[in-house]
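Naming: A, B, ... by sequence-line order, numbering from 1 per chain. As the structure is a computational prediction, the values presented were derived from the model and not from experiment.
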Amino acid sequence: MNKLLNFGIYCWSWIATLGVFLVVGLLLFYLLSQGLPTIGKELFFGDAPAWKAILGQVRVWDALWPACVGTLFLVLIAALLAVPLGISSGIYLACFAPKSVKRILSLLVELLAGTPSIVMGLFGFAMILFLRNTFFPNANTSLLLSSVCLALLILPYLIFTTQAALESLSDEYLLIGPSLGFNQIQTVFHVLIPAAGRGILSGVVLSIGRAAEDTAVIMLTGVIANAGLPQGLLGKFEALPFRIFYLAAEYRTSAELDSAYGTALVLLSLTGILYGGAFALHKTLELRWNQH
Amino acid sequence: MEPTLMRHKPFCDIKNLHVSFHGRTVLQKVNLTLSDSGILVLVGSSGSGKTTFLRSLNRLNEHYSGYSGGGKIELKLSGSMQDIHCPDLEVTELRRQVGMVFQTPNVLPVSIAQNINLPLKLVTGLDKAEREGRLIEVLQEVHLWDEVKDRLKENSARLSGGQQQRLCLARVLALKPKVLLLDEPTASLDFKASHKIEDLLIELQDRYQIIAVSHSLRQARKIAGQILVMKEGQIEHLLKKDQFENPEMLQKLLEDIF
Ligand SMILES: Nc1ncnc2c1ncn2[C@@H]1O[C@H](COP(=O)(O)OP(=O)(O)OP(=O)(O)O)[C@@H](O)[C@H]1O
Ligand SMILES: [Mg+2]
């Protein structure tokens, strides 16, 4: 009986794993088969000459390049705002916060995590309306506003993963620093954070992915279909997920729909590159920690 | 003055030490004056409070949730007896002077060299050349140098259990402590490796005041200058050398106690 149960569990976990592989594989295969043929100079730059487009000397119409740059800037600015803030908050919650403060703050972070992204977008939109009616009559939705709202969206992931990574260290490990005469700051920065690095990194990766794919937030805060390359922090911009969204919603020829797949593929690769960057950063930090 | 008194000056004076976690008493009514006559070995059944006693001496208990405790502990640090709870004595400085090696080896997950270097850098502020000298010195002191001198940059997790234990000891010795607290230094080691550590401790006993927990009577008899027997959070006996030199006598004494 027991043997049968064991075997059942064994089979089930195999099937489940296989299922996940199959679904992801199918998805990738479909995306590749539809999107790969469309990838080319045409998809990125339309009729414009490539080098001039990359340097921003000519305007690109109906092609991906401005959206690529827009998404890249969007994610980088959002990460620049959210990563230091989120990791520090996580460290504070795990290592320094008194119990009562911790309970209240954790509740607030959970609330933030549970906020749908469309609400975050609405919040940004409302803020612009407020600013227009009060201090800055010229305020408008922009790249900066979108990045700030995205940063708010990914903040809870960063806080949770950092906190969890630090709190999962063993009691014995927590005591190495103090037993050697380190003060609390030294213990946190030289013993605990390096050991929690992998967990913190996974939070960063997760939040980069989240920031790159979100459409609801940016739709209300500054993305438009034909903005061209982003013109500074206060300008409008294009973004890949938004482009996929409107290509899929408003295509007139099947070629346009296919280019949506191509765009999805590009978004996937861009996110992959950003992940790679995060890993490389982690590796160098780890190496630095290991040397004297 | 009597010469024997000169030799056995007190190094540790404890008055009414008591410790509890979450309201449950772990140590109580510990009153003790210890003289420096060799290694002090702590024995007692599992859960009798040996580790907690060690952690009282470097105030590490205070890091656990639910801790409450009190009493007065004086240790001989830099020549004179000092109250370890005195506000003038920074707790980080106390812990540098009262080094502790835990029951299970807990190396930092970095290179062998960095395990010793990092504490040196953060706690002593020595410059790079001095740190390197100290590193070699302590690794030789714990007889680890020959085994690791070609692999100092390797991750210390790859060392064997006994090597890790000696690395932890070296890490503490590098900070030049006055007192060494060793929680079952041979717990995870085989017979031969245990012997090595025991011989090492005997070598070190002139330079450091050592307090070690042990589970083995053989080991206690081999290394101890005096044996402290604990039971249910209290000090049951303090045995002098002549009381445990004869194995049968010691056996009988301990049978009476447990
Ligand atoms: N941080 C803590 N929180 C709660 N209880 C604790 C804590 N540390 C120790 N205790 C309790 O105090 C008692 C003594 O523990 P201690 O670790 O000092 O025993 P020990 O003599 O070292 O045992 P062993 O030989 O098994 O290592 C045990 O009952 C233990 O459960
Ligand atoms: Mg113990």
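Taking CG of A:Leu175 as the reference point, atom CG of B:Asn61 lies at 9.5 Å (rounded to 0.5 Å). Note that the CZ atom of B:Arg96 and the CG atom of A:Leu180 stand 11.5 Å from one another [nearest 0.5 Å]. For the atom pair CG (B:Leu122) and CZ (A:Phe189), the distance works out to 12.5 Å, reported to the nearest 0.5 Å.
Ranked by heavy-atom pairs under 4.5 Å with chain A, the first of B:Val98, B:Leu94, B:Thr104 is B:Thr104. Here B:Leu108 is the residue among B:Asn58, B:Leu108, B:Asn115 with the most heavy-atom pairs under 4.5 Å with chain A.
Close approach to chain B, defined as a heavy atom under 4.5 Å from one of its heavy atoms, is seen in no residue of residues 266-281 of chain A.
A 4.5 Å side-chain heavy-atom check between A:Leu174 and B:His63 finds every atom pair outside the cut-off. Using a 4.5 Å heavy-atom threshold, the side chains of B:Arg171 and A:Ile176 count as touching. In this structure, A:Ser179 and B:Arg95 have side chains that are not in contact, with every pair of non-hydrogen atoms separated by 4.5 Å or more.
Here the closest heavy-atom approach between residue A:Gly181 and residue B:Thr92 is recorded as O-CB, 3.3 Å. Closest approach of A:Tyr173 to B:Pro109, counting heavy atoms only: OH-CD, 3.2 Å. The shortest non-hydrogen separation linking A:Asp171 to B:Tyr64 is OD2-CE2, 4.5 Å.
Residue A:Phe123 qualifies as open at atom CZ: its count of foreign heavy atoms under 6.0 Å is 12 or below. Counting non-hydrogen atoms of neighbouring residues, nucleotides and ligands closer than 6.0 angstrom, the NZ atom of B:Lys72 reaches no more than 12 such neighbours. Within a 6.0 Å radius of OH in B:Tyr208, other residues, nucleotides and ligands contribute more than 12 heavy atoms. Counting heavy atoms of neighbouring residues, nucleotides and ligands inside a 6.0 Å radius, atom CD of B:Glu232 does not exceed 12 of them. More than 12 heavy-atom neighbours from other residues, nucleotides or ligands sit within 6.0 angstrom of CD on B:Glu62. Atom NZ of B:Lys196 has 12 or fewer heavy atoms from other residues, nucleotides or ligands within 6.0 Å.
At distances below 3.5 Å, not a single donor-acceptor pair connects side-chain atoms of A:Glu172 with backbone N or O atoms of B:Asn106.
Heavy-atom distances place the side chain of B:Leu175, and not its backbone, under 4.5 Å from chain A.
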